[in-house]
Number of protein chains: 2
Amino acid sequence: MNNNVVAEGLAEPKTLVESAYRALRRDIIEGNLAPGEKLRVEHLKDNYGVGAGTLREALSLLISDALVVSQGQRGFRVAPVSLADFEDIAQTRVMLECEALRQSIAMGDDAWEADLVAAFHRLAKAEEKRIGSEAREEWEERNRIFHEVLIAACPSRWLKHFLSILYFQAERYRRLSLYLQPIPRDIHVEHEALLHAAINREADKAAAILSEHILLTFRSVQAIPAEQLNAKLRA
Amino acid sequence: MNNNVVAEGLAEPKTLVESAYRALRRDIIEGNLAPGEKLRVEHLKDNYGVGAGTLREALSLLISDALVVSQGQRGFRVAPVSLADFEDIAQTRVMLECEALRQSIAMGDDAWEADLVAAFHRLAKAEEKRIGSEAREEWEERNRIFHEVLIAACPSRWLKHFLSILYFQAERYRRLSLYLQPIPRDIHVEHEALLHAAINREADKAAAILSEHILLTFRSVQAIPAEQLNAKLRA
DNA sequence: TCAATATGTTTTCTCGAGATTTTTAAATAC
DNA sequence: GTATTTAAAAATCTCGAGAAAACATATTGA
């Protein structure tokens, strides 16, 4: 159970393995390395500026996150994607994240509320200037942290661990289909409603909003015509 | 999302990395490598008969299962244990495994029922001759498979993936406290009740039994006097 | 034309040695 | 006697080359 992801964002990587791990993870989530693509060690080690053994180790770590799959004696591949898989991710996330949110609302203290308001504010600021890839990265980061702080007061380390895996998985799908969203939605309003329900300790309401919030993301991808989606997935 | 564990039991490892991975996992779960113990690559590579890089890779894979933790530039350690952690594992497992069981009961077909009866029968056979470490290993294997088959008809791959991680974690705690069980229980009866409730499609009843089944294991460990437990954990 | 075999190429897997960093221990200063 | 500094020792991290396996291509036979 490795990463407090909030902290990870700040701490610099101390080994080449970790640098390569992060760079690879970023490239997979952003889609620069396409789903199902073969990851040839001899080729990649030059791109990432590390030795073969180091790169293999980074790839092994990515198996934890289910972003890379390996098959004995046949090397590594980027984890494949499918609509069925994304549906599974969304449903499992709804189940775990709603439960974690309920616990967090039940246990959260004043400091938690303050963190939550702060995280929401930073997210809202990033939402204003949503143009350019740099601003986009900033929004992604702050969105992740907002969701993380929401459940931060949940005492179960395992729930939070599994949720951090699922979050990155979902982010990958979301990015793959980003500029194709056919379902109009105001994410800012959704986040705001979530914030207020949480602060007011309305657990049922908060869970319902969060559930819809997650499922809407899946339906957005589901609504994309198959051909368009496949083209994007292969790019 | 790597392992169909049922299949893994049969398939031979095709690489040295995988051999070392399995040997290490076994030694950690069985307690031959104590919780918190430092895992020195230079020392272990001889024990497991592989090179340093190969062993590092195997250790990286074990991070997926949260059986090993690493800290940049400070090497690998066996994941530490605590009563609080085991409680978290048990509670999270109850939540996920009951849901998976409900789905499995709702979706399971005749073939699933047949697999379940067969798995129970093999487990019962192993329960009879429960003396000797070899028979014990057999029972452990068949117990794991019984639990796996119970939820096999659940369609969520992610739920099953997380549960397989939690199962190994729980097994480790269970073994650490094996010969100290102060709470008397008839595990055979518990399994039998679980089997019948599942076959009869009584989801609520099955979930209740499973929940008790898992929590009893935690309470067994919890009831062990602290000094005795600590001595065992350090061994 | 198709299947099966044989050959050559690519890629993965594996190892041991060298460069950094951490840890341990001793020595010095206060 | 305690704390800081210095030096030696140990361990981690990293790399590139060699062995084994998988893959692609060409050849042979029906």
Side-chain angles (χ1 to χ4, degrees), chain A residues 2-3 7-8 10-25 27-28 33-80, chain B residues 2-3 7-8 10-25 27-28 32-64 66-80:
Chain A
N2 30 8
N3 32 8
E8 185 192 323
L10 306 171
E12 285 305 298
K14 290 300 172 203
T15 67
L16 284 183
V17 170
E18 200 172 341
S19 297
Y21 165 75
R22 291 200 203 175
L24 279 162
R25 185 177 64 178
D27 283 339
I28 291 172
L33 294 168
E37 182 176 335
K38 199 147 195 349
L39 295 167
R40 289 184 195 79
V41 176
E42 287 303 315
H43 182 242
L44 264 60
K45 74 183 184 113
D46 299 325
N47 292 21
Y48 293 91
V50 297
T54 303
L55 192 76
R56 282 184 64 85
E57 216 178 294
L59 290 171
S60 297
L61 288 173
L62 280 162
I63 294 176
S64 311
D65 305 321
L67 291 170
V68 164
V69 296
S70 79
Q71 214 182 7
Q73 216 66 278
R74 270 186 250 172
F76 300 89
R77 306 189 87 93
V78 178
Chain B
N2 31 7
N3 33 5
E8 186 192 324
L10 308 170
E12 285 305 300
K14 291 299 170 203
T15 67
L16 284 182
V17 171
E18 199 171 341
S19 297
Y21 164 74
R22 291 200 203 176
L24 279 163
R25 185 176 65 181
D27 283 338
I28 292 173
N32 300 332
L33 294 168
E37 182 176 335
K38 201 147 190 350
L39 296 167
R40 288 181 195 79
V41 176
E42 286 303 315
H43 182 242
L44 265 59
K45 76 187 185 104
D46 300 325
N47 293 21
Y48 294 92
V50 297
T54 303
L55 190 77
R56 283 184 64 84
E57 216 176 295
L59 290 172
S60 297
L61 288 174
L62 280 162
I63 295 177
S64 309
L67 291 169
V68 164
V69 294
S70 80
Q71 215 181 48
Q73 217 66 277
R74 272 186 249 170
F76 301 89
R77 304 189 91 94
V78 179

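Every chain is numbered from 1 and lettered A, B, ... according to where its sequence line falls, protein lines coming before strand lines. Reckoned from all heavy atoms, side chains included, excluding hydrogens, waters and symmetry mates. Keep in mind it's a predicted model, so treat the numbers as computed, not measured.
- For A:Thr15, counting side-chain heavy atoms from C-beta on, the closest listed nucleotide (D:dA11, D:dT14, C:dT12) is D:dT14.
- In plain terms, the two heavy atoms of B:Tyr21 and B:Ala58 that are nearest each other are N-CB, 3.7 Å.
- Summarising the geometry, the separation between CZ on A:Arg56 and C1' on C:dC15 is reported as 12 Å, rounded to the nearest angstrom.
- Rounded to whole angstrom, the span from the CG atom of B:Leu55 across to the C1' atom of D:dC13 amounts to 14 Å.
- If you take CD1 on B:Ile28 and CG on B:Leu39, they are separated by 6.0 Å, rounding to the nearest 0.5 Å.
- Contacts of A:Leu59 with the nucleic acid, taken as non-hydrogen atoms under 4.0 Å apart, are absent.
- Heavy atoms of B:Gly75 sit under 4.0 angstrom from primed sugar atoms or phosphate atoms, though from no base atom.
- For A:Glu57 and D:dT12, the CD to C1' distance is 10 Å, given to the nearest whole Å.
- When distances are taken from the side chain of B:Val41 to each of D:dT12, C:dG16, D:dC15, the shortest belongs to D:dT12.
- Of the two residues contacting DNA chain D, namely B:His43 and A:Gly49, the nearest-nucleotide position lying further toward the 5' end is that of B:His43.
- In this structure, B:Lys45 places its NZ atom 13 Å from P of D:dA11, rounding to the nearest Å.
- Remark: P of D:dA22 and CZ of A:Phe76 are 15 Å apart, rounded to the nearest angstrom.
- Closest to the side chain of B:Arg74, out of C:dC13, D:dA11, C:dT22, is C:dT22.
- The listed nucleotides are D:dC15, D:dC13, C:dT12; the one nearest the side chain of A:Leu16 is D:dC15.
- Residue-to-nucleotide proximity on DNA chain D shows that, of A:Val17 and A:Gly72, the 5′-proximal contact is made by A:Val17.
- Note that CG of A:Asn47 and CZ of A:Arg40 are 12.0 Å apart. Values are rounded to the nearest 0.5 Å.
- Between the P atom of C:dA19 and the NZ atom of A:Lys14 lies a distance of 23 Å, rounded to the nearest Å.
- At the phosphate of C:dT10, neither OP1 nor OP2 sits under 4.0 Å from any side-chain N or O atom of A:Arg40.
- The structure places OG1 of B:Thr15 at 13.0 Å from CZ of A:Arg74, a figure rounded to the nearest 0.5 Å.
- Atom pair B:Leu44:CG and D:dT12:P shows a separation of 9 Å (rounding to whole Å applied).
- Of the options A:Val68, A:Leu55, A:Leu67, a side-chain contact (heavy atoms from CB on, under 4.5 Å) to A:Leu24 is made by A:Leu55 and by none of the others.
- Using a 4.0 Å heavy-atom distance criterion, A:Leu39 is classed as a sugar-phosphate-only contact.
- Each of C:dC15, D:dA22, D:dT12 was ranked by its minimum atom distance to the side chain of B:Gln73; first place goes to D:dT12.
- What separates CD of B:Glu42 from C1' of D:dA9 is a distance of 14 Å, to the nearest Å.
- Applying the 4.0 Å criterion to OP1 and OP2 of C:dT12, one finds that A:Lys38 has a side-chain N or O inside that range.
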